[in-house]
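Just so we're on the same page: letters track the sequence lines, and every chain starts at 1.
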Amino acid sequence: MKVLCVAEKPSIAKEVSKILSGGSFSVRNSNNKYIKYFDFKYNFPQLGLCDVTMTAVLGHVTNFDFGPQFGWNSCPPGRLFAAPISTMVSHQDVYKNLSIEGRNASKLMIWTDCDREGEYIGFEILETARKNNSRLTLENTWRAQFSHLEKNHILQASRNPIQLDINSVRAVECRMEVDLRCGISFTRFLTDLYKGQSLIGEKEVISYGTCQFPTLGFVVDRYIRVKNFVPEPFWYIIVDIKKNDQKVGFLWVKGHFFDRAYVTLLYQKALKSPNGKIVSLTKRPTSNWRPLPLTTVDLQKDASRIFKMSAKRALDAAEKLYNKGFVSYPRTETDRFPAAMNLKDVIERQTSSNKWGSYAKELLELKFRSPRSGSHDDKAHPPIHPVKYAELTQLNGDEKTIYEYIVRRFLACCSDDAKGEQTTATLKWGDELFTANGLMVLARNYLDIYIYNKWESSKQLPPLEQGEEVNITNAKMKDGKTSPPLHMTESELIALMDANGIGTDATIAEHIEKIHSRNYVTKIKQGNVEYILPTDLGMGLIAGFDEMDFVDNISLSKPFLRKNLEIGLQEIVEGRKTRQQVASEMVELYKNAFVLCNQNSGNLVQKYLEIRNRNVQ
DNA sequence: GCAAGGTC
């Protein structure tokens, strides 16, 4: 009996083959240079000893598209909201692999990632393999359930196959349909509109996408908030005391007020007391927590914040490290390690480093702690962690930086929190309360390896006693003003996209790149920090859309529509709605907006012209 | 020339 196993990517095919075959398999080349066939024998409990061929695809094999009669200049863009959609093969060589290998298989087993897209890719594999083999049906196709590559977990998955989840398949079809109809129609409409008035060059495109525009919207929104910011004055009180020749500054518990007269009143009342009194003195243990296991989004935020490396560059470097076998799969949303994973093995492999080897040894011998568990699990990949030890000299610039970061992050996860002691003195002066803090770091623990976090002892408070009367050496009423928000950094943008469900771990960086390459945003450096600012074009596009009076108050530049789509997709997965229901609801919303934009295309462009001209004057 | 989602 021949069983064909297919994974989402070559690395999984190889690892699973190693585990199922116990290391004895033979390798054949395929039509694609990245993809191999692994042949071996395996005993499936339901089938007995089988001839197994394990191979992979490279993500999606097919894609949705409109027919040739719906090309750019062959139909009005509005037609695309209802035009028929067909499935096209996007990777011919991969497609060919599956049709050939599927021909004489009695059983197909899907080993794609266990997430929504993986379920659909599994479905594409089935549809392809069954073209030449009618024995392969949805009902008799096995789907392996696994979330990492630990040996027993994979063996368990091989023995307990389930079926492809057709609801997830329909949900992905729905996403593809909505993104295709909205993206292509608006892109053609906007490009033709801007080009018609010679506002962009012959080769330029004004693209619209359900993710691109909310991303741009975040940047524009921040920019406007900074520009429109009006500082507000406020007033507050500070107090100093002196003990053992040491000056201690106290902060007002009430913070500050925007009413000068009120603060003056409280200040003058307090001034009647020449002395203050220490009303409480507390010492409490405090911790500085070690980081959570590493996700893609965290990696990208930190790369941008700590190393000034764009999200795209960071992910590129992590991918190269992954392809060389140095780190685990870099696209993951999971921030908890699987219980069965042998973390000490991972640490052991780092002991040969002259930079962090001794720390790793110390962890193994004495100080190892189980990592914290976050609340995210994509059910497909474990958190990013080092796999093989790499000499830093083997790696190039970005790879070196990212590898070292991933190793330090992992070792930090397996360390103890930093421990300290915080002393808080509360001073009463008249009727007003003030506090002063002193921090003493007692055990640095994870901070010794995770050099990117700072937590230092502050100046210690002098010996004070509860109930002690202290002389106020200085008391002032001060003023300040509220400061504007800062412009958007890439790391904040990533966090916003993540929190609002715009894009995925694998695509967030691409969306940011896209709005940059389309000239909707620009990056400027101020001091050591890089900010993302909208261009006139980006401002104009968002302002134009925001000007429109869409039905139901929807917005084409805010994240809510995309979030609604996500909610709809989840309802399809749970069987509460059909693909058709959700797709037609969403497409209807975008189509109404499209019609309005068409009718008011003059206003849409006018907004851009106003912004451009305002900046010229 | 167009989307977003996989992966190389």
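Counting non-hydrogen atoms under 4.0 angstrom, A/Y329 reaches the backbone sugars and phosphates but no base. Contacts of A/G503 with the nucleic acid, taken as non-hydrogen atoms under 4.0 Å apart, involve only primed sugar atoms and P, OP1 or OP2. Among the protein residues, A/K320 comes within range of no part of the nucleic acid, since none of its heavy atoms lies under 4.0 Å from any strand. Residue A/D65 is classed as having no contact, given no heavy-atom separation below 4.0 Å to the nucleic acid. Base engagement by A/G59 is indicated by at least one non-hydrogen atom pair under 4.0 Å involving a base atom. Contacts of A/R116 with the nucleic acid, taken as non-hydrogen atoms under 4.0 Å apart, are absent. Across all strands, A/T504 comes closer than 4.0 Å only to sugar-phosphate atoms, never to a base (heavy-atom distances). Nucleic acid contact for A/P10: sugar-phosphate only, since backbone atoms but no base atoms lie under 4.0 Å from a heavy atom of the residue. Within the 4.0 angstrom heavy-atom criterion, no nucleotide atom of any strand lies near A/R181. Across all strands shown, A/N32 has no heavy atoms under 4.0 Å from either base or sugar-phosphate atoms. If you check every strand for non-hydrogen atoms under 4.0 Å, A/H91 touches a base. Contact annotation for A/T112: no contact, since no heavy-atom pair falls under 4.0 Å across all strands.
Side-chain atoms of A/D505 stay outside donor-acceptor range of the base of B/dG5, with no qualifying N/O pair under 3.5 Å.
Between A/F545 and A/F213, the ring center distance clears the sub-6.0 Å criterion.
In this structure, the CD atom of A/E117 is 8 Å from the C1' atom of B/dA4, given to the nearest Å. To the nearest angstrom, P of B/dC2 lies 14 Å from CD of A/E202. At whole-Å resolution of the value, CG in A/L315 and C1' in B/dC8 are 12 Å apart. In this entry the distance linking CD1 of A/I85 with P of B/dA3 reads 15 Å, nearest Å. With rounding to whole Å, A/E8 atom CD is found 13 Å from B/dC8 atom C1'. Summarising the geometry, the separation between NZ on A/K9 and C1' on B/dT7 is reported as 8 Å, rounded to the nearest angstrom. Rounded to an integer number of Å, the gap from A/L80 CG to B/dA4 P is 15 Å. A/L58 places its CG atom 19 Å from the P atom of B/dG5, with the value rounded to the nearest Å.
Under 4.0 angstrom from either OP1 or OP2 of B/dG6 there lies no side-chain N or O belonging to A/R175. An OP1 or OP2 oxygen of B/dA4 is reached within less than 4.0 angstrom by no side-chain nitrogen or oxygen of A/T507.
Between A/F186 and A/F81, the ring planes are perpendicular. Angles over 60° get that label, and only those under 30° would be called parallel.
For the pair A/Y208 and B/dA3, the ring geometry does not qualify as stacking, because the centroid separation below 5.5 Å and plane angle under 30° are not jointly satisfied.
Counting non-hydrogen atoms of other residues, nucleotides and ligands closer than 6.0 Å to CG of A/D552 gives a total of 12 or fewer.
Checked options A/K312, A/K320, A/R313; the residue passing with A/D316 is A/K312 (criterion: salt bridge (charged side-chain N to carboxylate O under 4.0 Å, His left out)).
For A/R331, whose side chain is taken as the heavy atoms from C-beta onward, the closest listed nucleotide among B/dA4, B/dC2, B/dT7 is B/dT7. When each of B/dA4, B/dA3, B/dG6 is scored by its nearest atom to the side-chain atoms of A/C211, the top-ranked nucleotide is B/dA4.
Where A/N73 and A/D113 meet DNA chain B, the nucleotide closest to each residue was compared, and A/N73 sits on the side nearer the 5' end. Take the nearest nucleotide of DNA chain B for A/D192 and for A/Q212: the residue whose nucleotide is more 5' is A/D192.
No hydrogens or angles considered: nothing links the side chains of A/E510 and A/T507 as a donor-acceptor pair under 3.5 Å.
For the atom pair CD1 of A/I384 and CZ of A/F410, the computed distance is 13.0 Å after rounding to the nearest 0.5 Å.
Put simply, the side chain of A/N519 never gets that close to the backbone of A/T535: no donor and acceptor are under 3.5 Å apart.
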